[in-house]
Amino acid sequence: MPSSSFPSSSPTSSPTRATDNLLELAQQMSPSKPPDVLRRIRRNIEARANEIQDNLSTLKRRITDYENQATTTARPKKQRKHNNRAADADDSIPNPQTIEDRTREKGRHFVVEALFLVDSDVFTVEEDEDFEPCEEFASDQNRIQGQLLQIKCYLPDDVKHLRTTTLISGAFIDGMSGQRSSTSNRLRVASLSKIVDDIKPFETSSSRFNAFAKLIGYQPGTPTREPYYSKLDAPILYDKWEGKKDLDSFLRGPILLKIHATIIRGPNGATGLFSGKSKRPSAKTVEKMYKIHRTSLGAILNAACLAIWMHSADTQLVEIGDETGINYRECQSYYLQCILNGLANNKAWAVDLIAYWDHILFPRC
DNA sequence: AGGTCTACTTATATCGTAGT
DNA sequence: ACTACGATATAAGTAGACCT
């Protein structure tokens, strides 16, 4: 590059020359000068100072311009992905990127309407073709088969047969954990004040324990048994709690409904829910994306477990609470079994449960 | 004690949508 | 077109596990 491109001469109004000028002017100031001359000199000094200030600002602005230009050219928009399942996928799979994106979205949807936690081996387990979903859920095998059946309902048809590949299982799991993170942040941070009246007790793990342990089923230890969390003696799950469990208000706790409204309608979704004025924002919401018009069983299970979690001392939304030891995945299965048993025996509380949720969450539908 | 790995949370930038 | 509101991807932050 020719040196002539970079003239070594200083700019016309370099700071040095301007400063020299200032010194000259300052030296002209002497007590013997008449007042009007002094005023003129002072105006000149001020003018020079302003000019210097302007030049400085211009230079600074130019520096930031150059910096921005430099960083945009040095760092192209395209950013590397952490792990590239699509690129690593088997060559026989067409459009792996699209498949990954679609599957990830199904994983997110699954967390909203089905189960927010599943057994880790559900993607690798052998499928039992004869499994009947209405059988007893108690055994591990049946529970996992039940989950698998559910997941297959959500997986895109053209992809179901690939469920054991890392492309599909990874994308689905990725979608699930992303949605869980978003949920945890929504409930404990972004919309906490819209769900509960007083956010103060939620500040720390121990303040949550002190304020809510009883509410979520904590049974203190006695000389003969360890303390534990009861799955049914948890007042938060009930619409009305009068000292003991009453199935007629089981899984109807107002917090539970608020939680689901918050998840499907965004951070403000819970406001006005019980006066028929639940906000339905114009923005893209989970409710619109997944076309949710009625309550799913999974939504109820999840809301129950999430209500317990958000009031618990646990610090992260994981399968087994880090402070309480509560197994939230097990809770889901347990409540599901409660409802299915109720339905099988035609119990009113179970039969009417979804209608109860629907008339609050989706009035006039 | 410190490094590295991993899983989870959080902040930010970007995009989309509907109402005005 | 503009604005408000949400969802998502990504990167950065954080804590614990495991190793040396």
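Chain letters run A, B, ... following the sequence lines, proteins first and then strands; every chain starts at 1. All values below come from the heavy atoms of this structure, side chains included, with hydrogens, waters and symmetry mates left out. Computed from a prediction, not measured in an experiment: that's the story for all the values here.
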- May I have the distance from A:Glu319 (atom CD) to C:dG16 (atom P), rounded to whole angstrom? 19 Å

- Kindly say if A:Gln179 contacts the phosphate of C:dA7, meaning a side-chain N or O under 4.0 Å from OP1 or OP2. no

- Item | Value in whole Å for how far the C1' atom of C:dG16 lies from CG of A:Asp322 | 10 Å

- Item | Of the listed nucleotides C:dG6, C:dT8, B:dA18, the one nearest the side chain of A:Thr285 | C:dG6

- Whole-Å gap separating P (C:dC5) and CD (A:Glu287): 17 Å

- Item | Whole-Å gap separating P (B:dC15) and NZ (A:Lys284) | 12 Å

- The single option from A:Thr271, A:Thr262, A:Asn268 passing side chain to side chain donor-acceptor pair (under 3.5 Å) against A:Lys194: A:Asn268

- Message: Any salt bridge linking A:Arg329 with A:Asp119? Criterion: basic side-chain nitrogen under 4.0 Å from a carboxylate oxygen.
- Response: yes

- Task: Report yes if at least one side-chain N or O of A:Arg280 is closer than 4.0 Å to OP1 or OP2 of B:dA18; otherwise report no.
- Result: no

- Item | A:Trp309 CH2 - B:dC8 C1' separation (whole Å) | 11 Å

- Any salt bridge between A:Asp352 and A:Lys347, counting N to O under 4.0 Å? no

- For A:Asp233 and A:Gln219, does a side-chain donor sit closer than 3.5 Å to a side-chain acceptor? no

- Task: Could you grab the distance from atom CG of A:Leu251 to atom CG of A:Leu237, nearest 0.5 Å is fine?
- Result: 6.0 Å

- Message: Just verifying a value: how many Å separate A:Asn302 CG and A:Tyr328 OH, rounded to the nearest 0.5 Å?
- Response: 13.0 Å

- If you check the A:Leu317 side chain, which of B:dT9, B:dC8, C:dA7 turns out closest? B:dT9

- Message: As a test of reading the structure: which of B:dA18, B:dC8, C:dG6 is closest to the side chain of A:Gln316, going by heavy atoms?
- Response: B:dC8

- Is the closest side-chain donor-acceptor distance between A:Ser278 and A:Arg265 under 3.5 Å? yes

Check nucleotides 10-12 of chain B against the protein and report each pair of N or O atoms closer than 3.5 Å, with its distance, or say if there are none.
| residue | atom | partner | partner atom | Å |
| --- | --- | --- | --- | --- |
| B:dT10 | OP2 | A:Asn185 | ND2 | 2.9 |

- Separation of A:Arg265 atom CZ from C:dG6 atom P, in whole Å? 12 Å

- Comparing A:Arg108 and A:Asn268 on DNA chain C - which has the more 5′ nearest nucleotide: A:Asn268

